[in-house]
Amino acid sequence: MNKLLIFCICTILFSACSKVETINLKKHNFSETPSRIVWIQIAGLSEELLAIQRFSRPAIEIGGPFEQSACMGKMWNYNLYKLRPNAASGFLSQIFGSKNITNSCKDYENTPVWQHYKDIGYRVGVLESSVKDKESLVNSWKCANDETKIDKSISLWRMSSTSNQDATKFHFQENLPMEDGQVYYDKSCKAGICYASLYNNATEIYQKFKKQTVRSLLVIRDFSLRDTIIRKDVESLREKLAEVEKLYSHFLIEQEKDPRLLVVLSGSEARNIELPRTGKQWENFDKSGRYLLYKRTSLMSPVFASGPRSENFCGIFEESDIFRRFLWSPSERKTPIDFLGL
């Protein structure tokens, strides 16, 4: 009888110790704190758009990088003033964790999500591509006062030209400047065209963070996909989707090499489309872009995540709530960030 009891106890203990936590059919360690974060913001992205790539190449057999995400969520796009606000307002809601976005200088007096990481030693930088001046975080510098924070806490690299002769320039093949409170403009951008790619700039900035810092948060903001959809330019749409996939795939590979890296990609002002329904229509769509219907913006946008704390981004939540999901962990796994009271 005693031997049977001992056997049962050992079996239970062994089962408990051998438990493997998983998410999306993969091993996953829950409630871990990331030491590096890459947050990609893509204006106009909806998951329906991903089908353009998936069903137009051999990846139909193996899937694409978005299907390798640990988690996917959906965010309600609204604030206190509008249903379906534009991407600039939506991303500010995400950054500040607030639905009170007025598109005025008052917005920049809110505390950005990365400030809580900054306070415990993370280096923060933002790269912007195809972001108009009125949509750019450069407005924090234009609105600068004692209460604004973005203009004091980050390096901002803008893939755009400037008429300011005193502006500091950068190029991904040169030593990248990186100083808090500074705005840098891409040397390769002339007359509205940038000859350096988003991928090259983003990956080089990330590599510099890896060399110079132990903890970092890089935000990559790109509005070109949305603008391409508005123009109904199917060929450019394919190119932009391919670039987004390439960028996201690169950081998923980085995440496999560095398990402390959290990769998040979020959309806003999601642009709905209706794709062809039959093989013949799809063939004509592939050749000439026919049979593609463009619809109004969606009330929800997607978010994809992989790495530590990616489990926080599963489910349906308000756009402004993504702020809290970067920071939250269960009470029994509190970190210095959690003691900030969020």
task: Before giving the answer on salt bridge (Lys or Arg N to Asp or Glu O under 4.0 Å), spell out for Glu319 and Lys99 the whole-Å C-alpha distance, their side-chain angles and the decisive distance to 0.1 Å.
output: CA-CA 8 Å; Glu319 192 164 44; Lys99 293 191 284 290; over 6 Å; no

Hey, what do you get for [atom1] ([X]) to [atom2] ([Y]), rounding to the nearest 0.5 Å?
X: Leu252; Y: Lys257; atom1: CG; atom2: NZ; answer: 12.0 Å
X: Ile101; Y: Ser93; atom1: CD1; atom2: OG; answer: 4.5 Å
X: Trp114; Y: Lys149; atom1: CH2; atom2: NZ; answer: 12.5 Å
X: Glu311; Y: Glu32; atom1: CD; atom2: CD; answer: 9.0 Å
X: Ser153; Y: Gln115; atom1: OG; atom2: CD; answer: 5.0 Å
X: Ser216; Y: Ile205; atom1: OG; atom2: CD1; answer: 11.5 Å

Side chains of [X] and [Y]: is there a donor and an acceptor less than 3.5 Å apart?
X: Ser301; Y: Asn77; value: yes
X: Asn86; Y: Ser89; value: yes
X: Ser160; Y: Asp186; value: no
X: Asn100; Y: Tyr81; value: yes

If every non-hydrogen atom of [X] is compared with every non-hydrogen atom of [Y], which pair is closest and at what distance?
X: Tyr184; Y: Gln182; value: OH-CB, 3.2 Å
X: Ala70; Y: Ser310; value: CB-OG, 3.6 Å
X: Tyr78; Y: Leu83; value: CB-CD2, 3.8 Å

field: ring pair (Phe, Tyr, Trp, His ring centres under 6.0 Å) between Phe223 and Phe91, intermediate numbers included
entry: CA-CA 11 Å; Phe223 285 43; Phe91 285 139; 5.7 Å; yes

Counting neighbours of [atom1] on [X] that are heavy atoms of other residues, nucleotides or ligands and sit closer than 6.0 Å, is the number greater than 12?
X: Arg296; atom1: CZ; result: no
X: Trp76; atom1: CH2; result: no
X: Lys152; atom1: NZ; result: yes
X: Lys82; atom1: NZ; result: no
X: Lys106; atom1: NZ; result: no

Should [X] and [Y] count as an ion pair when the cut-off is N to O under 4.0 Å?
X: Glu174; Y: Lys187; value: yes
X: Glu269; Y: Arg271; value: yes
X: Asp180; Y: Arg123; value: yes
X: Arg36; Y: Glu254; value: no

Is a side-chain N or O of [X] found less than 3.5 angstrom from the main chain of [Y], in a donor-acceptor match?
X: Asp107; Y: Ser104; answer: yes
X: Asn139; Y: Lys142; answer: no
X: Tyr185; Y: Ser163; answer: no
X: Ser140; Y: Leu137; answer: no
X: Ser197; Y: Asn200; answer: yes
X: Ser329; Y: Ser31; answer: no

Are side-chain heavy atoms of [X] and [Y] found at a separation under 4.5 Å?
X: Val303; Y: Met72; result: no
X: Thr33; Y: Arg309; result: yes
X: Ser298; Y: Ser46; result: no
X: Arg158; Y: Asp133; result: yes
X: Ile229; Y: Leu49; result: yes
X: Phe96; Y: Ile150; result: yes
X: Ile322; Y: Met75; result: yes
X: Ile40; Y: Phe251; result: yes

query: With a cut-off of under 6.0 Å to the ring centre and 45° to the axis, is Lys246 in cation-pi contact with Tyr199?
result: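 Output yes; distance and angle both within limits.
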
- request: Please say whether the positively charged group of Arg325, taken as NZ for Lys or CZ for Arg, lies over the ring of Phe317, i.e. under 6.0 angstrom from the six-membered ring centre and within 45 degrees of the axis.
  value: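 The answer is yes, since Arg325 meets both limits relative to Phe317.
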
For the aromatic rings, using the six-membered ring if either is Trp, is the centroid distance between [X] and [Y] under 6.0 Å?
X: His171; Y: Tyr195; answer: no
X: Tyr248; Y: His250; answer: no
X: Tyr117; Y: Tyr122; answer: yes
X: Trp39; Y: Phe326; answer: yes

message: Would His28 and Thr22 count as a side-chain contact (heavy atoms from CB on, under 4.5 Å) here? Give the steps.
response: CA-CA 5 Å; His28 182 77; Thr22 65; 5.8 Å; no

message: Apply salt bridge (Lys or Arg N to Asp or Glu O under 4.0 Å) to residues Lys132 and Asp227 and explain how you reach the verdict.
response: CA-CA 11 Å; Lys132 300 179 178 68; Asp227 297 341; 3.8 Å; yes

message: Show, in sequence, the C-alpha distance, side-chain angles and deciding distance for Phe304 and Phe313, and conclude whether the ring pair (Phe, Tyr, Trp, His ring centres under 6.0 Å) test is met.
response: CA-CA 7 Å; Phe304 302 89; Phe313 300 89; over 10 Å; no

task: Give the C-alpha distance, both sets of side-chain angles, the deciding distance and a yes or no for side-chain hydrogen bond (donor to acceptor under 3.5 Å, both in side chains) between Gln94 and Ser266.
output: CA-CA 9 Å; Gln94 295 178 26; Ser266 64; 2.8 Å; yes

task: Take Leu265 and Val244 through the side-chain contact (heavy atoms from CB on, under 4.5 Å) test and state the conclusion after the steps.
output: CA-CA 10 Å; Leu265 187 149; Val244 170; 4.1 Å; yes

task: Take Tyr108 and Glu147 through the side-chain hydrogen bond (donor to acceptor under 3.5 Å, both in side chains) test and state the conclusion after the steps.
output: CA-CA 8 Å; Tyr108 294 94; Glu147 301 300 320; over 6 Å; no

task: Any chance you could lay out the side-chain hydrogen bond (donor to acceptor under 3.5 Å, both in side chains) test for Asp222 and Ser224, step after step, and finish with the verdict?
output: CA-CA 6 Å; Asp222 181 40; Ser224 61; 2.9 Å; yes

message: Please evaluate residues Glu135 and Glu128 with respect to the criterion side-chain contact (heavy atoms from CB on, under 4.5 Å), reporting the C-alpha separation (whole Å), side-chain torsions for both, the decisive distance (0.1 Å), and the verdict.
response: CA-CA 10 Å; Glu135 299 173 319; Glu128 293 187 336; over 6 Å; no

- prompt: Given Met178 and Lys208, is the side-chain contact (heavy atoms from CB on, under 4.5 Å) satisfied, shown in steps?
  reply: CA-CA 9 Å; Met178 185 171 67; Lys208 178 150 188 171; 4.1 Å; yes

